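Just so you know, these numbers come straight off a predicted model, no measurement behind them. Scope of the values below: all heavy atoms of this structure, side chains included, with no hydrogens, waters or symmetry mates. Protein chains get the first letters and strands the later ones, always in sequence-line order, with residue 1 at the start of each.
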Amino acid sequence: MTTRVRFAPSPTGYLHIGSARTALFNYLYARNVGGKFLLRIEDTDMERSTEESTRSIIEGLKWLGLDYDEEIIFQSNNAEKHRQIALKLLNEGKAYRDFTPKAETSDKNIKETIASRARENQGEKSMRDNPFRDLEQEESDAKANSGEPFAIRLKVAETGKTSFEDAVYGLQERDYSEIEDLVLLRSDGHPLYNLAVVCDDIEMEITDVIRGQDHLTNTHKQVLIYEALGKTPPRFAHLPLILAPNKGKLSKRKHGAVVSMTTYRDKGFVAAAFRNFLALLGWSAGEEREIYSLVELIEKFSLDHIHRSNAVFNFNETYERHWTDDKALWMNAEYIRTMPFDDLLPLVKNELKSAKLWRDEYEDDDKEWCEQTINLIRERFFTLKDFSEQGRAYFSEDYDFDEKAIEKNLKKFPDLQTWLPELANHLESVENFTHDNIEAVIKEFVEAKGTKFGVIMNGARTLLTGLAVGPSMLAVFETLGKEKSILRLKSQIAWN
RNA sequence: GGUCUGUUCGUCUAGGGGUCUAGGACACCGCCCUUUCACGGCGGCGACACGGGUUCAAAUCCCGUACAGACUACCA
């Protein structure tokens, strides 16, 4: 039997990094064993599901390079099938009608309400004391026929236990007495999550369910449904959760943009880098290595190296520099500075285009210059955004000057106001505007003025790039070229 | 409250009875390189939650405690 796994997000928001990681692991697992990776949108919660979320999830997967096989399944399309299956279980006596009126739950502190309700019922109420559980067939039919609303609940046996072998957490057992007669079908006919998941997984012939650890306890209920349906459950593998820095739940509402995949795309992350980072959250190949290509990840991935403990996604809202996990940031920089130029170029092109800095000559007449320049500046860039922001002066005459750079490198040495334009005149004479030739002229100039090489270089850097930091200044001169270098050295804008 | 799960440097992790005075990466700090720097090189700081066992030997096995997380819904 070929392996079939699925990623089944509910479209109630953009793609969350936790979900993205679940998708990644499913994908890696499928590709590793040569199986299928399917996508199912669990849009049964009509009130919260949106088409926009679905789009953003698909986009996110595409960005990460996680291409799915076969058609997307929308769970809402299967509602009728789910209903029929619930009815079938009812007819077989494996489920029963519960005529208890639906209890109103206030949405606000739902978790607390449920916990306190459970606390109150502690010891007093058995999971099996529903008055309708053993209602005579005729009586139940009569009530139903008279139009009385009812939910359908699974009839969980009095004694026994469910068990399954989790690929990550090992043998899991749970006594029936701990499991309530779960609702399969709501009184309005709407199928509930546990039923829907099981039915769809069966229909999609899913062999391995890889999902977040928050479903570990739900799995027992699902196993019960599989059993009632006479089907063998798939293999389960639960993944440790990704937590916020305070070790609490990482939520869209509380933590905002840092948990959204689109943020990383928009903030200039290289998809391969983020994917690499995500792969190492809760899994490792057991080697002293961090950088893995997709092919290597697929090759090395296996369920038995998945962690059992949750991972913290470390970020600090108060420091801009640490707005997301440092390691993710580092990895992105690592990719930017080491990836093959041909892979990087399209990403830079895209960034420059959206900043209106791209010119078609960069792939034509100026191809060589473009490559040299990108290779020069990528050395100390962290995100793709840096190409259009810190790197702006390389692609445009319209760039900003950093106040601190002006203070530190220009205003502190007032002589530079006349020296730099003077240096420009000396540079006019350089025939071949290369590193060595430029250096010779500047060295000579420095000597004549009795100043330090650094003073001139840093002043020039500020004028030429607007920044106090950057690559070797001689290389900057060379890449900018004679004309622009001279023009900028003579410019007085920064001084005002 | 109950059930389940987990706990190695600040964070991600290696480790599965002796090779552990616990390894790597990020972050942080210092030094070097240097015209600057968020590049590079070298180095430093820094962890087996706690308490009991088992064993010649325990980060590794067992028990307890603490803490954390998940679930406990006619949400998904």
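Both distances falling under 3.5 Å, in either a Watson-Crick or a G-U wobble arrangement, place G40(B) opposite C32(B). Nucleotide C61(B) forms a pair with G53(B), judged by Watson-Crick or G-U wobble geometry with both contacts under 3.5 Å. Pair assignment for C48(B): none, as no Watson-Crick or G-U wobble contacts are both less than 3.5 Å. If you check U7(B) for Watson-Crick or wobble pairing at under 3.5 angstrom, you find it paired to A66(B). Nucleotide C71(B): paired with G2(B) (Watson-Crick or G-U wobble, both distances less than 3.5 Å). A 3.5 Å limit on both hydrogen-bonding distances identifies no Watson-Crick or G-U partner for A14(B).
Taking atom C1' on both U34(B) and A59(B), the two are 44 Å apart, rounded to the nearest angstrom. When the P atom is used for both G69(B) and C33(B), the distance is 49 Å, rounded to whole Å. Comparing the P positions of U60(B) and C39(B) gives a spacing of 38 Å, expressed to the nearest Å. Atom P of U21(B) sits at a distance of 30 Å from the matching atom of G64(B), rounded to the whole Å. With both ends at atom C1', the span from A25(B) to C32(B) equals 22 Å, rounded to whole Å. For A38(B) and C28(B), the P atoms lie 10 Å apart once the distance is rounded to whole Å. Nucleotides G10(B) and G1(B), compared at atom P, are 29 Å apart to the nearest Å. Taking the P atom of each, G52(B) and C26(B) are spaced 38 Å apart, rounded to whole Å.
A straight line from CZ of R6(A) to P of A76(B) spans 15 Å, rounded to a whole angstrom. At whole-Å resolution of the value, CE in M331(A) and C1' in C26(B) are 9 Å apart. Note: CD1 (I291(A)) to C1' (G24(B)) measures 13 Å, nearest angstrom. When the P atom of G6(B) is taken as reference, atom CD1 of I306(A) falls 14 Å away, rounded to whole Å. We find that CD of E288(A) is positioned 11 Å from P of A14(B), with the value rounded to whole Å. Between the CZ atom of F477(A) and the P atom of U36(B) there is a distance of 15 Å, rounded to whole Å. The nearest whole Å value for the distance from the CG atom in N332(A) to the C1' atom in C26(B) is 14 Å. Between D45(A) atom CG and C75(B) atom P the separation is 8 Å, expressed in whole Å.
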Stepwise, does the side chain to side chain donor-acceptor pair (under 3.5 Å) test hold for S472(A) with R461(A)?
CA-CA 9 Å; S472(A) 159; R461(A) 180 193 309 287; over 6 Å; no

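Considering only side-chain atoms of T217(A), the nucleotide from G24(B), C71(B), C26(B) that sits closest is C71(B). Relative to the side chain of R186(A), the nucleotides U72(B), A38(B), C75(B) differ in distance, and C75(B) lies closest. If you check A76(B), U72(B), A25(B) against the side chain of W330(A), the one that comes closest is A25(B). Considering only the side chain of S284(A), A14(B) comes nearest among G24(B), A14(B), A38(B). Closest to the side chain of Y169(A), from the set C74(B), A27(B), U5(B), is U5(B). Of the candidates C74(B), A27(B), U5(B), U5(B) carries the atom nearest the L216(A) side chain, counting heavy atoms from C-beta on. Checked against G69(B), C39(B), C71(B), the side chain of D214(A) finds its nearest nucleotide in C71(B).
Using modelled atom types and a 3.5 Å distance limit, the side chains of E478(A) and T434(A) yield no donor-acceptor pair. At a cut-off of 3.5 Å, with distance as the only test, a side-chain donor of Q222(A) or N194(A) sits close to an acceptor on the other residue.
Within 6.0 Å of CD in E80(A) there are more than 12 heavy atoms belonging to other residues, nucleotides or ligands.
Here P101(A) lies in heavy-atom contact (under 4.0 Å) with a base. Across all strands shown, H215(A) has heavy atoms under 4.0 Å from base atoms, whether or not it also approaches the sugar-phosphate. Contacts of Q172(A) with the nucleic acid, taken as non-hydrogen atoms under 4.0 Å apart, involve only primed sugar atoms and P, OP1 or OP2. Within the nucleic acid shown, K161(A) has no heavy atom closer than 4.0 Å to any nucleic acid atom. In this structure, G212(A) reaches neither bases nor backbone, as no heavy-atom distance under 4.0 Å exists between it and the strands shown. When heavy atoms are screened at a 4.0 angstrom cut-off, T100(A) is found touching base atoms of the nucleic acid. Q390(A) comes within 4.0 angstrom of a nucleotide base, judged by non-hydrogen atoms across all strands. Across all strands shown, K249(A) has heavy atoms under 4.0 Å from sugar-phosphate atoms exclusively, and none from any base.
Between F164(A) and H220(A), the ring centre distance stays below 6.0 Å. A centroid separation of 6.0 Å or more is found between the aromatic rings of F269(A) and W330(A). Taking the ring centroids of Y169(A) and H238(A), they lie at or beyond the 6.0 Å cut-off. Between Y96(A) and F132(A), a ring centre-to-centre spacing not shorter than 6.0 Å is recorded. Remark: aromatic rings of Y193(A) and H82(A) are distant, center separation not under 6.0 Å.
Heavy-atom nearest nucleotides on RNA chain B were determined for F381(A) and for L243(A), and the one closer to the 5' end corresponds to F381(A). Between L281(A) and R174(A), the residue anchored closer to the 5' end of RNA chain B is R174(A), taking for each the nucleotide with the nearest heavy atom.
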Look for any protein N or O under 3.5 Å of an N or O in nucleotides 32-35 of chain B and output each such pair with its distance, or none.
from, atom 1, to, atom 2, distance (Å)
U35(B), O2', N458(A), OD1, 3.1
U35(B), O2', N458(A), ND2, 3.1
U35(B), O2, R461(A), NH2, 2.9
U35(B), N3, M473(A), N, 3.3
U35(B), O4, S472(A), OG, 2.7

Identify each atom pair where a protein N or O and an N or O of nucleotides 8-11 of chain B are less than 3.5 Å apart, giving names and distance.
from, atom 1, to, atom 2, distance (Å)
U11(B), OP1, K247(A), NZ, 3.2
U11(B), O4', N314(A), ND2, 3.2

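Cation-pi geometry between K143(A) and F150(A) is not met: the NZ or CZ atom fails to fall both under 6.0 Å from the ring centre and inside 45° of the normal. Note that R392(A) lies outside the cation-pi zone of Y399(A), set by a 6.0 Å cut-off to the ring centre and a 45° limit from the axis. Under a cutoff of 6.0 Å and an axis angle of 45°, K300(A) and W283(A) do not form a cation-pi pair.
For U13(B), neither phosphate oxygen OP1 nor OP2 lies less than 4.0 angstrom from any side-chain nitrogen or oxygen of R289(A). When the side-chain nitrogen and oxygen atoms of R153(A) are compared with OP1 and OP2 of C74(B), one or more of them lie within a distance under 4.0 Å. Between R308(A) and G69(B) there is no side-chain N or O to OP1 or OP2 distance below 4.0 Å.
Residues satisfying the side-chain hydrogen bond (donor to acceptor under 3.5 Å, both in side chains) criterion with N314(A), sequence neighbours excluded, are absent altogether.
At a cut-off of 3.5 angstrom, counting only N and O atoms as typed in the model, there is a donor on one side and an acceptor on the other between the side-chain of N218(A) and the base of A76(B).
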